[in-house]
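Only one structure is covered here, and it is reproduced in the block below.
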Amino acid sequence: MQASMGMMIGAAVIALLAACALLIALMRRLGQDQGQLLDPFVIEDDWFTVNTLANRPAYRLMDIDSVRFCLIHRRGGYLGTFQVVQKDGPKSRNFLFDGSAYTRRMQLSSSRDDVRRAIEKMQAELRAHGIANTAEILA
């Protein structure tokens with residue numbers, strides 16, 4: 001009984017270490033430090049790229065009509081969403097972000113003010129590139 005319990009704990013520790021190693025390798029592979037991972041999107045070389053690990057949708061700046069932001073309350077904390085609206089009509093899915101985009105450190109739960117400030121920061125960046133944007137505060 002004790003031997004099987006020890007083996008289960010050992011297996012859990014090995015799995016956790018493997019997951020951490022995989023995450024570190026993935027971050028290195030993507031060439032991003034933690035600060036870049038906290039940005040919901042990146043604008044460079046006339047491209048707007050959504051910062052996701054699995055699929056990184058990219059839009060040419062000249063094809064974007066606007067970006068819509070929304071602040072929502074979820075499960076004891078706050079989240080932000082944004083959606084890219086293209087000039088020819090299609091809309092992206094809603095992408096989620098939290099207050100980490102403003103505070104520059106990982107958060108388990110974000111405050112309303114941190115998410116609001118993150119939206120304001122992203123709006124300023126979009127305005128600097130001539131992209132229209134709106135924000136809706138539902139919370």
Using every non-hydrogen atom in the two residues, find where G99 and S110 come nearest and quote the distance to one decimal.
N-OG, 2.7 Å

Mind checking whether L61 and I43 have side chains closer than 4.5 Å, heavy atoms only?
yes

Work out which heavy atom in S109 is nearest to a heavy atom in G77; give both atom names and the distance.
OG-CA, 3.5 Å

Given side-chain contact (heavy atoms from CB on, under 4.5 Å), test T49 with Y59 step by step and report yes or no.
CA-CA 6 Å; T49 305; Y59 306 89; over 6 Å; no

When rounded to the nearest 0.5 angstrom, what is the spacing between OG in S66 and CG in L126?
10.0 Å

Transitive ILVMFWY side-chain link V85 to F95, under 4.5 Å
no

V84 and side chain to side chain contact (heavy atoms under 4.5 Å, CB included): which single residue from P57, P90, S92 fits?
S92

Gap between atom CD of E136 and atom OG1 of T81 - 0.5 Å precision
8.5 Å

Under the criterion side-chain contact (heavy atoms from CB on, under 4.5 Å), I'd like the reasoning laid out for V67 against Q83: C-alpha separation, chi angles, the key distance, then a yes or no.
CA-CA 6 Å; V67 177; Q83 181 180 49; over 6 Å; no

Check: D98/S100 side-chain N/O donor and acceptor closer than 3.5 Å:
yes

Is F41 linked to W47 within one hydrophobic cluster, defined over Ile, Leu, Val, Met, Phe, Trp and Tyr using a side-chain heavy-atom separation of less than 4.5 Å?
no

Does D63 reach the main-chain N or O of Q86 with its side chain, forming a donor-acceptor pair under 3.5 Å?
no

Can you measure from CZ (R112) to CZ (R117) and round to the nearest 0.5 angstrom?
11.5 Å

Quick one: are F97 and D39 in side-chain contact, heavy atoms under 4.5 Å?
no

Would you mind reporting whether V50 and R56 have side-chain heavy atoms less than 4.5 Å apart?
no

Report, as yes or no, whether the 6.0 Å neighbourhood of atom CZ on R127 holds more than 12 heavy atoms from other residues, nucleotides or ligands.
yes

Closest approach of K87 to M62 (non-hydrogen atoms, all atoms of both residues)
NZ-O, 3.0 Å

Side chain to side chain, H129 and F48, heavy atoms closer than 4.5 Å:
no

L71/Y78 under side-chain contact (heavy atoms from CB on, under 4.5 Å): CA gap, chis, key distance, verdict:
CA-CA 7 Å; L71 186 149; Y78 290 85; 3.6 Å; yes

Supply the atom-to-atom distance D114 CG to K121 NZ, rounded to the nearest 0.5 angstrom.
11.5 Å

Nearest 0.5 Å please: distance from the OG1 atom of T134 over to the CD1 atom of I119.
10.0 Å

When you measure from the side chain of N133 to the backbone N and O of I131, does any donor-acceptor pair fall under 3.5 Å?
yes

When rounded to the nearest 0.5 angstrom, what is the spacing between CZ in F69 and CZ in R116?
14.5 Å

